[in-house]
Amino acid sequence: MKYWLMKSEPDVFGIDHLAKMPKKTEHWDGIRNYQVRNMMRDEMKKGDLVLFYHSNCKEPGIVGIARIVKEAYPDFTAFDPKEKYYDPKSEPENPRWLMVDVQLVRKFKRTISLQELKSYKTLSEMIILRRGNRLSITPVSKKHWDFILKLENKNKKA
DNA sequence: GCCAACGTTGGC
DNA sequence: GCCAACGTTGGC
């Protein structure tokens, strides 16, 4: 089983949106980056666990855990001209873009902020912390995963 | 196949 | 809102 981190803008689709979906499940559409698509297609498996990350907001950071409940399949929003992420080059017969379904496992008791994540030496190699990183989905090592889960119950580092 | 121009991401 | 970093596009 693998671990991942998935970014989302809370103003667009945050963890509270996911919590309100039927079965707390939603398809993760809008991926329009080849590197990320290939990871979804080749490496993401049902049952993999995900750190849900809020980006582009007041307090960016990890807010909870989700689970992959459906493996990569065509992102149908790419076929619809009315959709924000419509891509005329992706045809239903030959879909260019994929998505997965994620289900909320639980929301953290607190946000583990980006600022806090940066303060731990153990996490210094995390992809999300690397300069200029823009991938919306990144793999997370077991070491980092375990460390982050323990942080939830700690007092926030000053 | 190079690379400049452009668009997007996302922290600050 | 700014801007650095990066991906994509398209002319040549």
Side-chain angles (χ1 to χ4, degrees), chain A residues 2-21 26-44 48-66 68 72-102 104-105 107-141 143-145 147-149 151-152 154-158:
Chain A
K2 289 198 165 76
Y3 301 99
W4 305 93
L5 180 143
M6 294 169 87
K7 291 184 199 170
S8 192
E9 302 188 15
D11 293 343
V12 181
F13 189 83
I15 196 159
D16 292 328
H17 293 98
L18 185 58
K20 282 178 193 145
M21 299 305 294
E26 179 62 307
H27 50 263
W28 202 268
D29 60 28
I31 298 292
R32 299 290 179 270
N33 171 288
Y34 291 104
Q35 236 180 305
V36 174
R37 180 203 66 184
N38 294 347
M39 275 193 298
M40 282 198 298
R41 182 190 62 199
D42 303 332
E43 297 180 54
M44 262 192 170
D48 283 1
L49 292 170
V50 175
L51 296 170
F52 199 111
Y53 179 92
H54 279 172
S55 69
N56 215 353
C57 58
K58 201 169 177 187
E59 192 184 28
I62 297 166
V63 292
I65 302 172
I68 304 298
Y73 63 104
D75 181 343
F76 50 77
T77 68
F79 308 142
D80 184 350
K82 291 192 290 293
E83 288 284 345
K84 184 184 175 194
Y85 292 107
Y86 171 59
D87 182 354
K89 284 175 261 179
S90 183
E91 296 160 355
E93 314 79 68
N94 185 24
R96 174 177 297 206
W97 302 114
L98 303 172
M99 59 186 171
V100 295
D101 285 359
V102 300
L104 182 67
V105 174
K107 192 176 166 175
F108 280 166
K109 288 173 231 161
R110 67 184 187 92
T111 297
I112 302 167
S113 71
L114 177 63
Q115 193 191 8
E116 182 181 352
L117 294 171
K118 282 179 178 169
S119 73
Y120 300 111
K121 199 160 176 252
T122 314
L123 301 178
S124 60
E125 297 298 313
M126 266 191 94
I127 298 171
I128 187 81
L129 301 180
R130 285 188 204 153
R131 191 155 203 255
N133 158 64
R134 291 173 47 193
L135 298 179
S136 60
I137 302 180
T138 50
V140 173
S141 71
K143 177 178 130 187
H144 292 158
W145 175 273
F147 186 84
I148 288 164
L149 285 211
L151 291 178
E152 185 191 359
K154 270 192 190 170
N155 288 324
K156 194 170 178 177
K157 214 175 177 182

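Residue numbers start from 1 in every chain, and the chains themselves are labelled A, B, ... in the order their sequence lines are given, proteins ahead of strands.
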Completion exercise
Whole-Å distance, A:Leu135 CG to B:dG11 P, equals 13 Å
Practice task
Kindly assign one of parallel, tilted or perpendicular to the pair A:Trp28 and A:Phe52, based on the angle between their ring planes and the thresholds 30° and 60°.
Solution key: perpendicular
Practice task
Identify whether any heavy atom of A:Gln35 sits under 4.0 Å from a base atom; if not, whether one sits that close to sugar-phosphate; answer base, sugar-phosphate or nothing.
Solution key: sugar-phosphate
Practice task
Calculate, to the nearest 0.5 Å, the distance between atoms CD1 and CG belonging to A:Ile148 and A:Leu5 respectively.
Solution key: 7.5 Å
Handout entry: Euclidean distance, atom OH of residue A:Tyr53 to atom P of B:dT9 [Å, nearest integer]
Key = 15 Å
Problem - Phosphate OP1/OP2 of C:dA4: any A:Arg131 side-chain N/O under 4.0 Å - result: no
Exercise for the section: Kindly say if A:Lys7 contacts the phosphate of B:dT9, meaning a side-chain N or O under 4.0 Å from OP1 or OP2. Expected result: no
Handout entry: Presence of A:Tyr34 side-chain N/O under 4.0 Å of C:dT9 phosphate oxygens OP1/OP2
Key = no
Problem - Atom pair distance, as rounded to whole Å: CD1 in A:Ile62 and P in B:dG11 - result: 12 Å
Problem - Donor-acceptor under 3.5 Å (A:Ser8 side chain, A:Phe13 main chain) - result: yes
Problem - Listed nucleotide nearest any side-chain atom of A:Lys89, set C:dT9, C:dA5, B:dG10 - result: C:dT9
Exercise for the section: Tell me which nucleotide among C:dT8, B:dG11, C:dA5 gets nearest to the side chain of A:Asn56. Expected result: B:dG11
Problem - Ring center gap for A:Trp97 and A:Tyr34 short of 6.0 angstrom - result: yes
Exercise for the section: Send over the distance from A:Arg96 CZ to C:dT8 P, rounded to a whole Å. Expected result: 10 Å
Completion exercise
A:Arg32 CZ to C:dT9 P, in whole Å, measures 13 Å
Practice task
State whether the side chain of A:His54 and the backbone N or O of A:Ile15 hold a donor-acceptor pair below 3.5 Å, judged by distance alone.
Solution key: yes
Practice task
Rounded off to whole Å, could you give me the CG-to-P distance for the A:Asn33 and B:dT9 pair?
Solution key: 10 Å
Exercise for the section: Return the value, rounded to whole Å, for the distance between atom CG of A:Asn133 and atom P of B:dG11. Expected result: 9 Å
Exercise for the section: Write down the distance between CD1 (A:Ile137) and P (B:dT9), rounded to a whole number of angstrom. Expected result: 14 Å
Handout entry: Of the listed nucleotides C:dT8, B:dT9, B:dC12, the one nearest the side chain of A:Tyr85
Key = B:dT9
